[in-house]
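Residue indices begin at 1 and follow the sequence shown. First listed ligand is number 1; within each ligand, the first listed atom is number 1. Side chains are part of it too, since the values below use all heavy atoms of this structure and drop only hydrogens, waters and symmetry mates.
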Amino acid sequence: MAETLVGPDGALPLPWLGPALAAAQAQRGHALLVVGAPGAGALAFLRTLAQGWLCEGRVAAGRPCGQCAACRLVQAGTHPDLRLLLPGALALEHGLASEEDVTHGGKRKPGKWIVIDEVRATLDWVATTASRSRGKLVVLHPAEALQGVTANALLKALEEPPAGVRWLLSCSDPERLLPTVRSRCQRLLLPPPARGEAEAWLAGQRVSSPGALLDACAGLPLDALALHAAGVDAGAWAALPAALQRGHAGAWAGWPLHRVIDALLKLCHDLLARAAGAAPRYFPAASLPEPRDGIAPLLEWSAELQRVARQAEHPWNEALLVDALVGRGSRALRPPGR
Ligand SMILES: [Zn+2]
C-alpha cells in the first residue's frame, strides 16, 4: 500500500509530524539526518519534508500546499527532481517500487540493504541538471541500510555536494553510522507521538486495545499498526509468555521470522528485567513466568537470539529455527504448575 503525502485537503499523512516539519523548514544545509524510528513515521516524515521543499505553492510551517503542480508530481511519484533511495524490500513494502523493479525482473531477492548499483545511479542522477526551480532532493531511508562500500560512495557525495542538491537521510541510531557520514549532516530529532495521541490515532485505524500493542512496540504507532495488521491482538500478545513456558512454538506459527525474533527478544528482555526486580517493558507483568535456574540460561538465550537477529538474511529453515529458539527459552523457565 502506497503511503499518502499531503493532498489538497492539507492533512498530514501522520498527525504528529507537524512540529518536526516546522523545525525542519529552517534547515538550509545540504544534508539533513532525521533521527527517528521507522515506527514513529520516519519515512513518511522524510517524504512530506521533501514535498514541502519542492512545493511551488504556499508552504506554512514546513507543510506543503498539496495543490501545486510540484505537489501533484510528488504525490504521483513522478517529480523529476526527487529520488528515493531505499532497500528493495522496504520500497516494495511501502508501495514505492514495483516487484519487477526491485527484483530486476525476478533475478534478485528484494534485500534489506541499499545496493551499490542504486547508489551509483543516484550519484549519476544528481550530477545532471535540475528540471524545475527548487533544486534536487535525494531521500535515503534508512541510513543503517548502507554498508561499507555504499556508505563510502555516499560519503564522497556528502563531502563535495554539487550545487542545488540536498540529501535527506533517516536513521534510528546515529551511533551505527560512519562518524564521517554523521558529521556531514545537520541533525533533527523526530520523536514518536505522545502516548495519548498515539492511542487515539491507532483507535482511529480500528485497532482495539491500542495501549497493549503500543507497549508491545515500545510506543511506536506504525509498528503497533503492523502488528495489528498481521493479526496479533492484545490477547494473543499477552499469551506469548505462557506459550514460551510450555515450549509451544505453534503460538508463532505463520509469523515472519523477523517478527518472531523481535517478540522473543522482547520477551527475554522482560524476563530478565523481572528477575532483576525491574518493571517489564513489553508484556504485562502478571503474564511473565519465573526463570528456572537464575538468569544465566536467559542470558545465553538472549545471546543466541541476538546472533540469529544479526543473520536475518541467512537461508534458515524457519520452522526448525523457531522450534529450537522457543525450546531453548522454555528450558530457561520454571515449568508450568511448579
Ligand atoms: Zn505545493
Participant: Ring-plane angle category for Trp255 and Trp237, please: parallel below 30°, perpendicular beyond 60°, tilted otherwise.
Facilitator: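 Correct class here is parallel.
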Participant: What are the protein N, O or S atoms, given as residue plus atom name, that sit under 2.8 Å from the Zn ion (ligand 1)?
Facilitator: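 The answer, once waters are left aside, is Cys55 SG, Cys65 SG, Cys68 SG, Cys71 SG.
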Participant: Looking only at non-hydrogen atoms, find the nearest pair between Gln25 and Val59 and report the distance.
Facilitator: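 Answer, listing the atom of Gln25 first, then Val59: NE2-CG1, 3.6 Å.
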Participant: Does a side-chain N-to-carboxylate-O contact under 4.0 Å join Asp262 and Lys266?
Facilitator: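 Answer for the salt bridge query: yes.
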Participant: Is Arg166 close enough and on-axis enough to Trp53, meaning under 6.0 Å and within 45°, for cation-pi?
Facilitator: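 Judged by the rule (NZ or CZ under 6.0 Å from the ring centre, within 45° of its axis), Arg166 counts as positioned above Trp53.
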Participant: Give a yes or no answer on whether the side chain of Asp270 reaches the backbone of Arg281 with a donor-acceptor pair at less than 3.5 Å.
Facilitator: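 Here the side-chain-to-backbone pair exists.
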Participant: With rounding to the nearest 0.5 angstrom, report the OG to CG distance, Ser302 to Leu264.
Facilitator: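 Result: 11.0 Å between the selected atoms.
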